[in-house]
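Before any comments, here is the structure.
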Amino acid sequence: MPQSAVIINVDDNEPARYVKRRVLERAGFNVIDAATGADCLALFADHSPDLVLLDINLPDANGIDVCRELKSSHYGASVIVVQISATATQASHATEALNSGADAYIAEPVDPDVLVATVRAMLRLRNAERALADANTRLETVNRDLQKSNESLEQFAFVASHDLQEPLRTVATFAGMLKRALGSRLGEEEQQYLQYIVSGATRMRRLIDDLLHYSQISQSASVSAEVDLNEVFAWANEDLRELIGETSAIVSAEKLPNVLGDEAQLRHVFQNLIGNAIKYRRAGVLPNVHFRGVRDNTCWVIQVEDNGIGIEPRYWNSIFAPFKRLHGFDIPGTGIGLAVCRRVVDAHGGRIWVESKVGQGSTFSFTLPVSGDVPKPSNAMLQKAVT
Ligand code: ADP
């Protein structure tokens, strides 16, 4: 608490004012005297005090009205007003003073130590409030800066990946033409080199497309529409019809809820999770993927359970980072699918995580906002099974 805090000491009774002034000055405060309401308002405007000790019965005004005026001024919200009175000492006076904006009320005669302790306590409170307000302002600034740097990073990723597409297309096209033109004139080894160039360019193109997609998610997210996840599930199945057919995967879901969200982006999430569940299947075991929605207090938790190879606990977090892969090129992928899922879920104000047993399967869970109209999920209702 600053000992040099400035206090305006308002009292028309000179001896009483003097006593309070001495007590407060001895406690280390900087005290300015005022005898009337008008004096108080004028001094307040000139000195920006930390606290006003305000008598209720003043010759030219009611102290309660003066308090109201102080508090409604520009600087008033951050100043402490302690109303004090030797005559207006009933409970109703204290109530009216406090209801009118005073921060504390003291009935005289007041013990000098109690007066100083009350003033200090009030200033402590004010300082804590100011510190909190400062911290909030700093936090807002940090958040704004972070948002700006995220946006410029996204912008950079977008421009970089967009501009990389053109030269890459050239490499892929001419490598392909070279391969066709030279054809059988090339030895086996040279053909292999050319093939490396073509497949490297193809892979890079896929990476760039994914990076572009990833960088665009939070810019384009519109998460306020009501989305029927049963439809999203059906579309995702349709999108993956070929893969599901080839692998004889069983993809099923219990009745899913309606949520607030972005339909197109949620479709990507469903697609990525179903695709992964099939890609990372166990050898010799038919892939089985099952969706359910579980109502939590404030959101829906969507669970996607598979019977695949599973994931070691040490990777449960890192697989959601862009380009993180646990597999080589034997299983195709760019490592961006789960990062996209996390971005989409983040944009919906939710979170995504995985739990898994190696050799048995994984359950990916993510939360989504509840929409107004929420059908209760029922374990008994299997809505779709694709084989
Ligand atoms: P990608 O599939 O393109 O490699 P993802 O971001 O979708 O990229 O997944 C990251 C990694 O997480 C994968 O490479 C894989 O090792 C692991 N993974 C994802 N889903 C599963 C799953 N259902 N079962 C086992 N491992 C998975």
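In this chain, residues are counted from 1 in sequence order. Counting starts at 1 for both ligands and their atoms, in listed order.
Both the backbone and the side chain of L338 come within 4.0 Å of ligand 1, counting heavy atoms alone. Residue contacts with ligand 1 for N272 are absent, since no atom lies close enough (heavy atoms, distance under 4.0 Å).
Polar contact with ligand 1: absent for K324 (N/O pair, distance under 3.5 Å). Looking at ligand 1, you won't find any N or O of G333 less than 3.5 Å from one of its N or O atoms.
W353 carries R351 over the face of its six-membered ring, with the cationic atom under 6.0 Å from the centre and within 45° of the normal. Cation-pi geometry between R343 and Y214 is met: under 6.0 angstrom from the ring centre, within 45 degrees of the axis.
If you number the atoms of ligand 1 from 1 as listed, the ones under 4.0 Å from a heavy atom of I336 come out as 6 (O), 8 (O). Every atom of ligand 1 with a heavy atom of G335 under 4.0 Å away is listed here by number and element: 1 (P), 3 (O), 4 (O), 6 (O), 8 (O). Each of the atoms 24 (N) of ligand 1 lies under 4.0 Å from some heavy atom of S362. Each of the following atoms of ligand 1 lies closer than 4.0 Å to a heavy atom of K279: 1 (P), 2 (O), 3 (O).
Given atom 12 (O) of ligand 1, the protein heavy atom at minimum distance is I319 CG2, 3.4 Å. Nearest protein heavy-atom neighbour of atom 4 (O) of ligand 1: R325 NE, 2.5 Å. Nearest protein heavy-atom contact of atom 26 (N) of ligand 1 is I311 CG1, 3.3 Å. Shortest contact from atom 16 (O) of ligand 1 to any protein heavy atom: H327 ND1, 2.7 Å.
A donor-acceptor pair is defined here as one N or O able to donate and one able to accept, closer than 3.5 Å; such a pair exists between the side chain of D60 and the backbone of G37. Here the side chain of S356 pairs a donor or acceptor atom with the backbone of I311 at under 3.5 angstrom.
When the heavy atoms of N307, L326, D306 are ranked by distance to atom 23 (N) of ligand 1, first place goes to D306. Counting heavy atoms only, Y280 comes closest to atom 24 (N) of ligand 1 of the residues W316, Y315, F323, Y280. In this structure, of N276, T334, L207, the residue bringing a heavy atom nearest to atom 20 (N) of ligand 1 is N276.
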Inset, instruction - Please step through side chain to side chain donor-acceptor pair (under 3.5 Å) for the pair T87 and N57, ending with a clear verdict. - result: CA-CA 8 Å; T87 50; N57 286 318; 2.4 Å; yes
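H213 and H268 have tilted rings, their planes meeting at an angle from 30° to 60° on a 0 to 90° scale. By the 30° and 60° cut-offs, the orientation of the rings of F291 relative to F233 is perpendicular.
Crowding of N317 atom CG: a count of heavy atoms from other residues, nucleotides or ligands under 6.0 Å not exceeding 12. Atom CZ of R206 is surrounded by 12 or fewer heavy atoms from other residues, nucleotides or ligands within 6.0 Å.
In the model, N258 has no side-chain atom that pairs as donor or acceptor with a side-chain atom of S371 under 3.5 Å.
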